[in-house]
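Because the structure is a prediction, the values reported are computed rather than measured.
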Amino acid sequence: MRRPYVAACIALLMALGFSACAPAPASPGSTTNDTAMTVNGTPVHADEFRHCVGQVRATVWDTASKKGWAVDDADPVRDSRAGELLVDRAAARCTDGVVRRQGAVALTLIDDASFESLVERWSADNAAREAAAQAGEVLYGPVEKTLEQYEFQEMADAASEQEKADAAALTDDPEALDAAIRARPDAAEGLDMADTADRTIAAQVVAREMFDSALAQAVSDAEVTMNESWLSGQSISDLAGS
C-alpha cells in the first residue's frame with residue numbers, strides 16, 4: 001500500500017533538503033481525458049506518458065520476444081501482457097521523472113514540475129545553444145540536445161546541487177560524518193578518516209548514497225493514480241506507435 005501524499009513529500013524532502021512540497025499545477029486547459037496518470041497530484045498528460053513509453057519500449061519488446069508473447073499493435077494495452085508491461089514500466093519512468101522535478105522545484109532550481117515546463121526549458125536551451133553556435137562560441141556537447149539528453153542533464157544538475165550541499169554539511173559537522181560512516185562503513189573503504197582530504201571524499205560518497213536512498217524512497221512512496229478510463233481506450237500502437 002502506498003503511503004499518503006504527505007509521507008511521500010517528507011521522504012522526498014529528506015533527499016532534497018527543503019521544507020515544503022506541493023503538487024505542480026495542472027496545465028491550463030487540461031482535462032481528465034488527456035491525463036494518463038497523476039503523481040503526488042501532478043498530472044501526467046498523454047504526451048508525457050507517450051514520451052515515457054518511448055524510453056521503455058525497446059526493453060519491453062525485448063522481454064516480450066524472450067517470453068514468446070504475441071504482440072498485436074491493435075490490441076488494447078489492458079488486454080495484452082506486453083501492453084500491461086509497457087504501461088507499468090512507462091508509469092514507473094514517469095513517476096521517477098515527476099518526483100525528481102518536484103524535488104528540483106523544492107530546491108528552487110526550476111519553477112514548475114510539469115512536463116510542459118520541461119519541454120519549454122528544453123526548447124529555450126536549444127535556442128540559446130543555437131545562438132551561441134552561430135556566434136562562434138565554444139559549446140560542450142551537441143548544438144541541439146534531444147529531450148532525453150536535456151532531461152538527464154537537468155536531473156543530474158539537481159542531484160549534484162543537493163549532494164554538494166549535503167557533503168559540505170557533513171564535512172562541517174565531524175560528529176555527523178563519523179556517525180554516517182559508522183552506518184555506511186563501505187563509504188570510507190580505503191580512506192584514512194584521520195586525513196582531511198579523505199574525510200571530504202567520504203562525505204561526498206555518503207551524500208550521494210543518502211540522496212539516492214531518499215530519492216528511491218520518495219519514488220516508492222509517491223501517490224500514483226492511473227486514469228483507467230483513458231488507458232482502456234488506448235491500443236499498443238496508440239501508445240508506442242507501429
About how many Å separate [atom2] of [Y] and [atom1] of [X], when rounded to the nearest 0.5 Å?
X      : Y      : atom1 : atom2 : result
Glu120 : Ser123 : CD    : OG    : 8.0 Å
Leu239 : Leu231 : CG    : CG    : 7.0 Å
Thr95  : Asp221 : OG1   : CG    : 12.0 Å
Glu144 : Asn126 : CD    : CG    : 5.0 Å
Asp157 : Leu107 : CG    : CG    : 12.0 Å
Leu215 : Ser220 : CG    : OG    : 11.0 Å

Following the transitive rule for hydrophobic clusters with a side-chain heavy-atom cut-off under 4.5 Å over Ile, Leu, Val, Met, Phe, Trp and Tyr, establish whether [X] and [Y] coincide in one cluster.
X      : Y      : result
Val56  : Val71  : yes
Val53  : Met226 : yes
Leu118 : Val219 : no
Val119 : Val39  : no
Trp122 : Val44  : no

Is the distance between the ring centroids of His51 and Phe115 less than 6.0 Å?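 For His51 and Phe115, the ring centres are under 6.0 Å apart.
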Between [X] and [Y] (salt bridge meaning N to carboxylate O under 4.0 Å), is one present in this structure?
X      : Y      : value
Glu154 : Arg101 : no
Arg182 : Glu175 : no
Arg100 : Asp96  : yes
Lys66  : Asp62  : yes
Glu148 : Arg93  : no

Please tell me if the side chains of [X] and [Y] come closer than 4.5 Å, counting only heavy atoms from C-beta onward.
X      : Y      : answer
Pro174 : Arg199 : yes
Ser80  : Ile236 : yes
Met37  : Cys94  : yes
Lys164 : Gln204 : no

Report the C-alpha separation of Asp125 and Tyr150 in whole Å, then their side-chain angles, then the decisive distance to 0.1 Å, and conclude whether the side chain to side chain contact (heavy atoms under 4.5 Å, CB included) test is met. CA-CA 8 Å; Asp125 183 71; Tyr150 179 80; 3.7 Å; yes
For a side chain to side chain donor-acceptor pair (under 3.5 Å) check, start with the C-alpha distance between Glu130 and Gln134, then their side-chain angles and the critical distance, and finish with the verdict. CA-CA 6 Å; Glu130 176 63 28; Gln134 291 293 333; 2.8 Å; yes
Given side chain to side chain donor-acceptor pair (under 3.5 Å), test Asp112 with Ser114 step by step and report yes or no. CA-CA 6 Å; Asp112 189 341; Ser114 70; 3.1 Å; yes
For a side chain to side chain contact (heavy atoms under 4.5 Å, CB included) check, start with the C-alpha distance between Thr63 and Val60, then their side-chain angles and the critical distance, and finish with the verdict. CA-CA 5 Å; Thr63 298; Val60 170; 5.7 Å; no
Evaluation steps, salt bridge (Lys or Arg N to Asp or Glu O under 4.0 Å), between Arg78 and Glu84: CA-CA 6 Å; Arg78 287 308 198 193; Glu84 286 280 7; 2.6 Å; yes
Given side chain to side chain donor-acceptor pair (under 3.5 Å), test Gln162 with Asp166 step by step and report yes or no. CA-CA 6 Å; Gln162 186 58 50; Asp166 289 344; 2.8 Å; yes
Without swapping roles, check the side chain of Asp88 against the backbone of Leu85 for a donor-acceptor pair under 3.5 Å.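 No, the answer is negative, given that no donor and acceptor are paired below the 3.5 Å cut-off.
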